[in-house]
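Notes to accompany the following structure.
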Amino acid sequence: MAGEPSEPIVVAIDGPSGVGKSVAAKMLAQALGFHYAQSGAMYRAVGWLVESHDMSPRDGDRIAALVAETMIDIVLCPGQSAVWVHGRDISEALAGEAVGKAASAVATLRAVRQTVTAQLRRLRCHGSLVMEGRDIGTVVFPDADVKFFLDASLDVRARRRWQEMRQAGYGGTFEEVRQAIAERDEQDRTRALAPLVPAADAHVIDTADFSIDAVVQTMVSETQHNILRGNV
Ligand code: DC
C-alpha cells in the first residue's frame with residue numbers, strides 16, 4: 001500500500017512487574033495488526049526448567065549447559081506468544097509469581113541473556129512486532145522504531161496484581177504480593193547485565209492515573225505519528 005513502510009516495524013515496551021505491559025502490548029499489537037511477543041516468557045521458561053531440574057538459580061555453569069542443550073522456542077500465534085520446550089507448548093506452566101521469581105534470578109546470568117536475546121532478535125523476521133519486557137528498547141532492539149516505558153509506583157502495581165490474583169482465587173495478602181514485586185524490581189533494576197532502565201529515547205508513560213484503554217490509545221497515536229513522520 002502506498003505510504004506503508006516496507007521494513008518491519010518494531011515497537012518496544014519495557015517496564016517493571018505488574019505495570020500492565022502484557023495487556024497493553026497485546027492491545028497495541030491488535031490495534032496495529034502487528035505480532036505480539038512477550039520476552040519475559042522466555043526467561044520464565046528457563047526459570048521453570050531450572051526448577052524442574054532441582055537446580056539453584058545460582059548454579060550458573062549447569063544452567064548455561066542446560067540452556068545450550070534445550071530447544072526453547074518462542075512461537076508467535078495470533079494475538080499471543082507461546083513458549084515451546086522440546087516441541088511442547090509449556091506456556092500454561094509459566095504463569096504465577098513463583099516462576100516470575102525464578103525467571104528474574106536466571107535473567108541475571110550472561111549465558112541465559114545471550115541465548116534469549118538472540119532468539120528474540122530473530123522474531124523481527126516474521127514482520128512488524130510489538131515486544132514487551134525489561135531490556136527491549138535498550139538491548140534487544142536498541143534501534144526499535146518506537147519505544148515506550150510504562151511505569152507506576154510499587155503500591156499501584158502491587159494493588160493491581162493483588163486484585164487480579166484474588167479474582168483468580170489467590171488467598172494471600174496484599175503485603176505478600178507487594179513484597180514479591182518489590183524483590184523482583186530490585187533484582188531487575190540492579191543487575192549488572194541489561195538492567196531495567198528506560199531507554200534514553202523512550203516515551204515514559206506513568207499509567208497510575210489512566211485506564212488501560214487510554215494508555216493504549218496514547219501508544220497507538222504515538223506509533224502512527226512516528227510511522228507517518230517517516231521515522232521508521
Ligand atoms: O515480564 P515477566 O514478569 O514475565 O518477566 C519475568 C522476569 O524475566 C523478570 O522479572 C525479569 C526477566 N526479564 C528480563 O530480564 N528481560 C526481559 N526482556 C524480560 C523479562
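Note that ligands are numbered from 1 as they come in the structure, with each ligand's atoms numbered from 1 the same way. In what follows, every heavy atom counts, from backbone to side chain, and hydrogens, waters and symmetry copies are set aside.
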Check your understanding: Is it the side chain, the backbone, both or neither of Met42 that has a heavy atom closer than 4.0 Å to ligand 1?
Key -> neither

Exercise for review: Examine the proximity of ligand 1 to Arg184 and report which part, side chain or backbone, both or neither, has a heavy atom under 4.0 Å away.
Suggested key: side chain

Check your understanding: Are Leu94 and Ile63 grouped together when hydrophobic residues (ILVMFWY) are joined by side-chain heavy atoms under 4.5 angstrom apart?
Key -> yes

Check your understanding: Which protein heavy atom lies closest to atom 19 (C) of ligand 1, and at what distance to 0.1 Å?
Key -> Ser39 OG, 3.3 Å

Study note, to complete from the structure: atom 1 (O) of ligand 1: closest protein heavy atom, distance to 0.1 Å, is Arg134 NH1, 2.9 Å

Practice item. Pick, from Ser22, Gly40, Gly137, the option with the minimum heavy-atom distance to atom 20 (C) of ligand 1. Key: Gly40

Exercise for review: For Gly133, counting its heavy atoms only, list the atoms of ligand 1 lying under 4.0 Å from any of them.
Suggested key: 18 (N), 19 (C)

Review point. Is Gln38 close to ligand 1, meaning an N/O of one under 3.5 Å from an N/O of the other?
Key: no

Review point. By number and element, which atoms of ligand 1 are closer than 4.0 Å to a non-hydrogen atom of Ala103?
Key: 6 (C), 7 (C), 8 (O)

Review point. Which ligand 1 atoms, with their elements, are less than 4.0 angstrom from a heavy-atom of Ala107?
Key: 12 (C), 15 (O)

Check your understanding: Should the pair Arg166 and Trp162 be classed as cation-pi, given the thresholds of under 6.0 Å to the six-membered ring centre and 45° from the axis?
Key -> yes

Review point. Phe148 vs His203 aromatic rings, parallel, tilted or perpendicular, using cut-offs 30° and 60°?
Key: tilted

Exercise for review: Run the numbers on Leu123 and His35 for side-chain contact (heavy atoms from CB on, under 4.5 Å), then give the verdict.
Suggested key: CA-CA 9 Å; Leu123 296 177; His35 292 293; over 6 Å; no

Check your understanding: Going by distance alone, is a donor N or O of one side chain under 3.5 Å from an acceptor N or O of the other, for Thr108 and Arg58?
Key -> no

Exercise for review: Give yes if a backbone or side-chain nitrogen or oxygen of Ser17 is under 3.5 Å from a nitrogen or oxygen of ligand 1, and no if not.
Suggested key: no

Study note, to complete from the structure: for atom 16 (N) of ligand 1, nearest protein heavy atom and its distance come out as Arg113 NH2, 3.1 Å

Point to revise | Salt-bridge criterion met for Asp135 and Arg191 (N-O under 4.0 Å) | key: no

Exercise for review: Under 4.0 Å from a heavy atom of Asp135: give me the atoms of ligand 1 that qualify, with their elements.
Suggested key: 16 (N), 17 (C), 18 (N)

Revision key, fill the gap. closest protein heavy atom to atom 8 (O) of ligand 1 is Tyr43 CB, 3.4 Å

Review point. Short N/O distance, under 3.5 Å, between Arg44 and ligand 1?
Key: yes

Exercise for review: Have a look at ligand 1 and work out which part of Gln187, if any, has a heavy atom under 4.0 Å from it: side chain, backbone, both or neither.
Suggested key: neither

Exercise for review: Show the numbers, then the answer: is there a salt bridge (charged side-chain N to carboxylate O under 4.0 Å, His left out) between Lys21 and Asp14?
Suggested key: CA-CA 7 Å; Lys21 294 186 302 292; Asp14 290 303; over 6 Å; no

Point to revise | Per-residue contact class, Lys101 against ligand 1 - non-hydrogen pairs under 4.0 Å | key: neither

Exercise for review: Give a yes or no on whether Val204 and Phe141 share a hydrophobic cluster (residues Ile, Leu, Val, Met, Phe, Trp, Tyr; joining criterion: side-chain heavy atoms under 4.5 Å apart).
Suggested key: no

Exercise for review: Indicate whether any N or O donor in one side chain lies under 3.5 Å from an N or O acceptor in the other, for Tyr43 and Arg134.
Suggested key: no

Check your understanding: Should Glu132 and Lys26 count as an ion pair when the cut-off is N to O under 4.0 Å?
Key -> no

